Amino acid sequence: MATDYYGVLGLAQGATDKEIKSAYRRKARDLHPDVNPDPAAKEEFQKVSRAYEALTDPDKRRIVDLGGDPFETGGGGGGNPFGGAGFGGLGDIMDAFFGGGTATRGPRSRTRAGGDALIRVDLDLAETVFGTTTEITVDTAVLCTLCTGAGTAPGTHPAQCTTCNGRGEVQSVQRSFLGQVVASRPCPTCGGTGQVIPQPCSQCAGDGRVRARRTIPVKIPAGVEDGMRIRLSGHGEVGPGGGPAGDLYVEVHERPHDVFTRDGEDLHCRVTLPMTAAALGTTLTLRTLDGDEPLDIKAGTQSGSVLTLRAHGAPRLRATGRGNLMVHVDVQTPTRLDAEQEELLRKLAAVRGEDHPEASRAQHNGLFGRVRDAFNGR
């Protein structure tokens, strides 16, 4: 009568590979002879291992599902599903626990992608507002022209690493309470590539790239702001072995302007008016980034007023149109008057009834103003 291999693992027919591996893992942890010296556990472990082999091999499992026993029909022999070497320790059950823990990952490629690079460029306000094309000098790794990235001297080729035999990794065996543990690490001779270069290129010493200084034109879009980065695809570092280059990021640094300050797409500046011009009104000629523009000052303009010149700011990067130029007005009070000027101002003050001014009540409507008004019966 055929053995119920599904039942040995506590599974129903049709169990998935993941369920089979998980069931075997649970039972093997408790029954493995290196962990459990009980003779009965050894016998149970043989049954569990036999069931695991029968259900993880597609051909054997097909026989089991048809009601047969693959080990009685030539499908295998013995109770050790790992080659009849006896209980070899943890290495025997590594595949079930970790999905092939002793399998090698294979050599890695000598050709790898290059890294990104960052460079800062200083620009004037007019250049960031209207855009420009500037040239930058970068010092990065570029493709070796002698070997074109191969890293080998002309007419030679890489050779297989004799330390790892081309696998790219070496293994070390350690013993634990569960048996032998096989650990893999990159080969120290070839760095994990599985190849060595007996005759390196004289120009790049086998790296496939060299350092070089080059000049690159950079187009600065109109409206770019301080701190923004422009990406130049493929202008970064060439990778080892002549791998694809990374990207070059150009970070914009906007120099301070002696007249204008910037707030996003808007520009700001300040103008100082004489007291008489602010009182009577006037027209100024204001120098902007677009050229000279007339600025109308209405009569009675107060200090702190903000006048707007529309569409005289920076272009909008992701939209149409431009920001505004905000003109902040400071009214200047004269500090020195000659006798004639003082007399004229006194006459003006008398005519306007301002020769003995009182503080505006609007300035005293706080707590003390309310207390005063309460005493005065207001």
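All figures in this text were calculated on a predicted structure; none of them were measured in a lab. Nothing fancy with the numbering, it's 1 onward along the sequence.
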Salt bridge or not for E343 and R346, using N-O below 4.0 Å?
no
If you count heavy atoms of other groups shown closer than 6.0 angstrom to NE2 of H328, is the number above 12?
yes
Identify whether the distance between the nearest side-chain nitrogen and carboxylate oxygen of E237 and R211 falls below 4.0 Å.
yes
Any ion pair linking D122 and R120 (charged N to carboxylate O, less than 4.0 Å)?
yes
Which heavy atom of D226 sits nearest to which heavy atom of E254, and what is that distance?
OD1-N, 2.7 Å
Whether the side chain of Q302 engages the backbone of G300 through a donor-acceptor N/O pair (distance < 3.5 Å, no angle test) should be reported.
yes
Pair R167 + E169, salt bridge at N-O below 4.0 Å
no
Sequence neighbours excluded, every pair satisfying ring-ring contact (aromatic ring centres under 6.0 Å, His included) that has a member inside residues 276-320:
none
Return the set of residues passing side-chain hydrogen bond (donor to acceptor under 3.5 Å, both in side chains) with E251 (not counting sequence neighbours), or none when no residue passes.
R229
For D59, is there an ion pair with R62 - N to carboxylate O distance below 4.0 angstrom?
yes
Between atom OG1 of T261 and atom CG of L125, what is the distance when rounded to the nearest 0.5 Å?
9.0 Å
For the residue pair R316 / T320, report whether a side-chain donor-acceptor contact shorter than 3.5 Å exists.
no
Between the side chains of D57 and Y52, is a donor N or O closer than 3.5 angstrom to an acceptor N or O?
no
Can a salt bridge be assigned to the pair R110 and D207 using a cut-off of 4.0 Å between side-chain N and carboxylate O?
no
Looking only at the side chains, is there a donor atom on one of T283 and D296 sitting less than 3.5 Å from an acceptor on the other?
yes
Taking D338 for its side chain and E340 for its backbone only, find out whether a donor-acceptor pair lies under 3.5 Å.
yes
Given 3.5 Å as the limit, does a donor-acceptor pair link the side chain of R209 with the main chain of V238, or not?
yes
